[in-house]
Amino acid sequence: MTGLADFGAQMTRIASEMRKESDDTEAALRSMTKFAVDAIPGAEYATVTLVADGAVETPVMVGDLGGEADRLQRELREGPCIRAAVSDLTVWVDDMRVETRWPNFAAAAAELGIRSMACFYLYIDGDDSAALNLHSTEPAAFTPEARQLGELFAAHAATAFGAVQEKQQLRAALGSRDIIGQAKGMIMERYRLDADEAFSLLARLSQDTNTKLVDVAAQIVEAGPEGD
């Protein structure tokens, strides 16, 4: 248990670094994936599988072999990465050469040289789902302890990833507020309206054109002041 305690402390530090240093989700995913390869015994390659609106994507990979494994699963629509992402499960394969759950994928992955995998559900806020996937060219590379560490890693990483998403959403909200404020000021000056009237005009334009309020405001700001 000492190893798990040490690993937990290390993950807390890593998660803190990710929250401080990462300004976008792709950077956070890339950092997380590389940390996983370095920290979890047996891991040689890693990917993140993202399932969004029915489409399967691989936004980040560490090592070409892991990327090839994800490509096969996208093409075949089967495999442990997809299963872990959509089922909230930890899924592992001890030996691709005798794996029967996903016969088409297993045969193709074994031909690539992949022998074992461990895939961990990665919680993402919203309707999207994801998995952190580890690959090895050795059979039975991921012991029960390694899988336990992987689950702990995925839980910490999801927390850090969520913090990065919140940071992005806050920045977007602040940016939207600034743009709407600029548009209101331009409308007030041009049409001699007060703040409430200017906002009502923006809202009416948004409703009549079926366009988001912030997009209407951006168009007004981009067009710039116009003379009478």
Side-chain angles (χ1 to χ4, degrees), residues 14-33 47-61 67 70-71 73-75 77 81-89 120-133 154-228:
I14 291 171
S16 177
E17 290 176 0
M18 289 171 62
R19 285 194 293 268
K20 291 178 181 177
E21 297 175 3
S22 295
D23 291 328
D24 60 78
T25 53
E26 184 177 342
L29 285 171
R30 189 181 301 113
S31 296
M32 176 192 68
T33 308
T47 62
V48 171
T49 299
L50 178 65
V51 181
D53 297 325
V56 181
E57 304 173 12
T58 306
V60 176
M61 67 184 74
D70 263 35
R71 179 186 62 78
Q73 291 176 88
R74 288 197 303 272
E75 293 178 358
R77 305 296 295 183
C81 304
I82 296 174
R83 178 66 185 280
V86 302
S87 302
D88 189 7
L89 296 171
F120 308 94
Y121 176 73
L122 184 64
Y123 175 76
I124 295 180
D125 190 25
D127 296 330
D128 299 343
S129 56
L132 171 66
N133 317 299
H156 277 274
T159 300
F161 181 64
V164 173
Q165 286 185 308
E166 288 178 4
K167 186 190 299 184
Q168 285 186 299
Q169 291 167 358
L170 177 60
R171 288 177 176 171
L174 290 174
S176 297
R177 187 184 66 182
D178 290 344
I179 291 173
I180 291 171
Q182 291 179 51
K184 277 176 53 181
M186 294 171 68
I187 290 172
M188 290 168 65
E189 182 176 355
R190 176 169 173 73
Y191 296 105
R192 305 292 192 269
L193 300 176
D194 63 26
D196 289 339
E197 291 170 335
F199 184 81
S200 294
L201 178 55
L202 273 174
R204 178 65 182 271
L205 287 170
S206 173
Q207 182 178 1
D208 289 350
T209 60
N210 195 28
T211 305
K212 291 181 179 179
L213 183 65
V214 66
D215 292 337
V216 171
Q219 292 173 17
I220 292 172
V221 171
E222 185 176 352
E226 298 178 4
D228 292 325

Discussion item. I need the F120 CZ to C81 SG distance, nearest 0.5 Å.
Written reply: 11.0 Å
Worksheet, complete the sentence: dist D215:CG -> T209:OG1 (nearest 0.5 Å) comes out at 9.0 Å
Discussion item. Determine whether a donor-acceptor pair (N or O, by modelled atom type, separation under 3.5 Å) exists between the side chain of T33 and the backbone of T47.
Written reply: no
Discussion item. Please report the interatomic distance CD1(I187) to CZ(F199), rounded to the nearest 0.5 Å.
Written reply: 10.5 Å
Discussion item. Quick one, K184 and L202 - any side-chain contact, counting heavy atoms below 4.5 Å?
Written reply: yes
Worksheet, complete the sentence: CE (M186) and OH (Y191) are apart, to the nearest 0.5 Å, by 10.0 Å
Worksheet entry | Spacing of CG belonging to L205 relative to CG belonging to N210, to within rounding of 0.5 Å | 13.0 Å
Worksheet item: Below 4.5 Å, heavy atoms only, C-beta onward: do V56 and T49 meet side chain to side chain?
Response: yes
Practice prompt. Taking E197 for its side chain and D194 for its backbone only, find out whether a donor-acceptor pair lies under 3.5 Å.
Written response: yes
Discussion item. Among L122, V51, I82, D88, exactly one meets side chain to side chain contact (heavy atoms under 4.5 Å, CB included) together with S129. Which residue is that?
Written reply: V51
Practice prompt. Just jot down the salt bridge (Lys or Arg N to Asp or Glu O under 4.0 Å) partners of R71, sequence neighbours excluded, or say none.
Written response: E68, E75
